[in-house]
Trainee: 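Dumping the structure here so I can ask a few things about it.
Letters A, B, ... are given to chains in the order of the sequence lines, protein chains preceding strands, and every chain is numbered from 1.
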Amino acid sequence: MTPEELSASIVAVLRDAVRDGAIALDEAALPSAVTVERPKVREHGDYATNIALQLAKRAGAPPRELAATLQERLATVDGIASVDIAGPGFLNIRVEAGAQGVLARSIVDAGDAYGRNDLGAGHRINLEFVSANPTGPVTLASTRWAAVGDALGRVLEATGAEVTREYYFNDAGAQIDRFGGSLLAAAQGKPTPDGGYAGAYMLDIANAILADRPDLLDLHDDEALKVLRVEGVARMWEEIRQSLHELGVDFDVYFSERTLHETGAVESAIERLRAGGLTYTAAGALWLRSTSYGDDKDRVIVRSNGRPTYISVDAAYYLDKRARGFDRVVIMLGADHHGYVNRYRALAAGFGDDPDQTLELLIGQMVNLVKDGAPVRMSKRAGTVITLEDLVEAVGVDAARYALARYSVDSSIDIDLDIWTRATSDNPVFYVQYAHARLSSILRNASDLGLAPAGDDFDPALLSHEREGDLLRALAELPRIVSAAAELREVHRIARYLEDLASTFHRFYDECRVLPRGDEPPEPLHAARLLLVQATRVTLANGLRLLGVSAPDRM
RNA sequence: GCCCCCGUAGCUCAGGGGAUAGAGCAUCGGCCUCCGGAGCCGUGUGCGUAGGUUCGAAUCCUACCGGGGGCACCA
């Protein structure tokens with residue numbers, strides 16, 4: 001019996017009690033789902049629900065009285081071993097070992113699909129993240145989004161949603177001009193211009209381009225600049241894609257800002273905004289009434305000189321995404337862009353959308369690297385910034401992805417290289433991967449002994465040890481964790497869950513011998529535990545896959 | 001000045017209004033005749049402050065304090 005099934009049973013019992021008048025409540029007032037949680041304290045049973053407390057006021061009855069009614073009826077439900085009333089009116093429920101043990105079978109049968117659901121079915125989500133300009137290597141902050149964004153994409157896909165991972169890049173305009181100018185300076189051996197891009201990588205690129213175009217320095221500056229801009233962006237771009245790819249992050253769409261200008265999309269977006277009624281003209285410029293959406297001031301979208309601001313380009317981009325059929329536009333931004341949120345929402349509203357339905361801006365806080373207790377500042381690659389490549393080089397792909405995905409994006413984090421480079425248990429990713437390797441090893445050994453997990457003869461009631469129950473209940477959590485992570489856009493929940501599951505498994509392993517020892521004959525319990533081991537391995541692997549972290553069979 | 005995020009154990013962080021607030025690390029002490037000791041068990045300490053909402057608040061609201069980030073007719 002899974003928590004979902006238990007929850008459904010409680011709902012059914014509630015409905016019956018209301019129908020025959022045992023509970024004075026309108027059937028329509030009943031919740032469609034009842035929260036079932038794993039109590040922190042063992043004595044409180046396998047599962048607990050506070051439903052009696054929640055309904056007490058509306059039903060006009062003391063919570064404990066309501067609880068008693070439910071207790072009596074729940075106790076007769078198949079698979080429920082006992083129901084107790086505790087404290088102000090909690091219902092503490094124990095599940096029969098057999099009803100719980102069958103989960104091992106269904107997890108193994110589900111395989112890769114275990115943990116998936118269809119809550120997001122029918123939704124088309126455009127997930128934009130990283131979107132760093134091709135003017136330098138991918139910074140640490142962008143790397144956080146690469147890891148979190150890709151994992152979020154996986155989690156959303158696990159709910160049945162159709163997800164497009166999108167990378168938007170600026171390949172025109174002032175930043176690129178500055179980039180080209182800096183390359184020219186580097187090529188000519190001059191110092192970086194004010195506001196330009198410095199760092200060793202600029203020299204690398206300039207030299208690489210010079211190797212292909214030795215004539216570059218003979219050209220007039222304007223001509224050389226043109227070449228450098230195009231060539232420089234192309235090379236930087238390739239590097240960015242390559243380092244993201246090495247991190248295991250690939251995008252479905254790489255969207256060029258320039259195309260929005262070239263196709264006239266910007267102009268038509270401005271026209272639609274004007275028609276939408278959220279704009280006005282003042283001092284020769286066109287303004288967006290973003291204050292209606294909580295912005296602290298209205299924003300110019302067309303300058304008094306007639307040129308559109310970047311907001312118009314964002315508007316055109318948003319419109320383009322919607323026109324491509326996405327019902328949900330999700331954009332992941334750094335904390336330094338939180339000021340965009342309200343004006344972006346105003347844009348969506350200006351097009352007649354409800355921003356609460358179609359647009360979501362996720363803000364992630366900063367990342368710092370720490371080594372020997374002090375912040376890391378230097379990067380041999382970029383001079384001042386720390387890059388994706390620096391991190392991967394220092395800790396490897398799995399640790400990098402895991403370290404970035406394991407924390408709530410709401411908090412700024414310090415990644416301690418001393419921890420994440422260590423191949424010991426203080427390193428959470430090793431802890432989880434180790435559990436998977438250990439599970440794999442047990443299954444290998446079983447296979448060597450000619451033993452197989454229980455098949456049709458599986459007796460779920462054999463898994464009655466307390467540690468087996470703990471493990472089964474931990475396994476049963478994955479679907480709920482996936483749903484929560486998807487709904488809340490919080491992938492760190494997956495990582496925390498995996499750590500909890502790994503720990504629960506290790507405790508099981510410590511007390512419950514899986515394979516027969518020495519001269520012991522194999523018994524049904526061994527086969528049942530092997531099935532449980534297999535189910536645990538499947539669950540860990542599925543969770544790790546959601547984070548894009550490998551699940552090694554050996555370490 | 002205004003806006004956003006954070007403040008939980010010595011450290012790094014979990015905690016979707018519920019019961020006695022958790023995990024890892026660090027400290028100290030235990031556990032290998034056989035499945036991977038990269039493991040397990042035990043050990044002390046804590047919700048920034050003050051109010052409010054609620055049967056019940058780390059969680060929601062307000063004010064203040066502390067840390068980080070942002071406030072362009074730049075992108």
Trainee: Just the atom pairs and distances: protein N or O near nucleotides 41-49 of chain B's N or O, under 3.5 Å.
Mentor:
none

Trainee: Any base atoms under 4.0 Å from A/Asp553, or only sugar-phosphate, or nothing? Heavy atoms, all strands.
Mentor: base

Trainee: Mind checking if A/Leu488 touches a base, just sugar-phosphate, or nothing, with heavy atoms under 4.0 Å?
Mentor: base

Trainee: Reckon A/Asp314 touches a base, only the sugar-phosphate, or nothing at all at heavy-atom distances under 4.0 Å?
Mentor: nothing

Trainee: How would you label the contact of A/Phe90 with the nucleic acid (heavy atoms, under 4.0 Å): base, sugar-phosphate, or nothing?
Mentor: base

Trainee: Give the nucleotide from the list B/rU12, B/rG15, B/rG36 with an atom nearest to the side chain of A/Tyr407.
Mentor: B/rU12

Trainee: Are side-chain N/O atoms of A/Arg178 and A/Ser182 paired as donor and acceptor at under 3.5 Å?
Mentor: no

Trainee: Would you give a per-nucleotide map of nucleotides 67-73 of chain B, 5' to 3', where B means the base has a protein non-hydrogen atom under 4.0 Å away, S means only the sugar-phosphate does, and - means neither?
Mentor: -BBSSSB

Trainee: According to a 3.5 Å limit on both distances, what stems of 3 or more consecutive Watson-Crick or G-U pairs are formed with RNA chain B?
Mentor: B:1-7 with B:65-71, B:10-13 with B:22-25, B:28-31 with B:39-42, B:48-52 with B:60-64

Trainee: Name the closest nucleotide to the A/Tyr431 side chain, picking from B/rC34, B/rG18, B/rG39.
Mentor: B/rG39

Trainee: What pairs of nitrogen or oxygen atoms, one from the protein and one from nucleotides 56-62 of chain B, lie under 3.5 Å apart?
Mentor:
none

Trainee: With a 4.0 Å cut-off on heavy atoms, is A/Arg307 in touch with a base, just the backbone sugar-phosphate, or nothing at all?
Mentor: nothing

Trainee: Under the criterion salt bridge (charged side-chain N to carboxylate O under 4.0 Å, His left out), I'd like the reasoning laid out for A/Arg473 against A/Asp470: C-alpha separation, chi angles, the key distance, then a yes or no.
Mentor: CA-CA 5 Å; A/Arg473 284 187 293 280; A/Asp470 291 342; 3.0 Å; yes

Trainee: Is it true that A/Phe255 and A/Phe169 have ring centroids separated by less than 6.0 Å?
Mentor: no

Trainee: Any idea if B/rC34 is syn or anti, going by the 90°-from-0 cut?
Mentor: anti

Trainee: For A/Ala446, which contact category applies under a 4.0 Å heavy-atom criterion: base, sugar-phosphate, or nothing?
Mentor: nothing

Trainee: Side chains of residues 532-540 of chain A: which donor-acceptor partners sit under 3.5 Å, not counting sequence neighbours?
Mentor:
residue, atom, partner, partner atom, Å
A/Thr536, OG1, A/Leu532, O, 2.8
A/Arg537, NE, A/Ser440, OG, 2.9
A/Arg537, NH2, A/Asp553, OD1, 3.0
A/Thr539, OG1, A/Ala535, O, 2.8

Trainee: Taking side-chain hydrogen bond (donor to acceptor under 3.5 Å, both in side chains) as the test, write out the residues that go with A/Thr69, two or more places apart.
Mentor: none

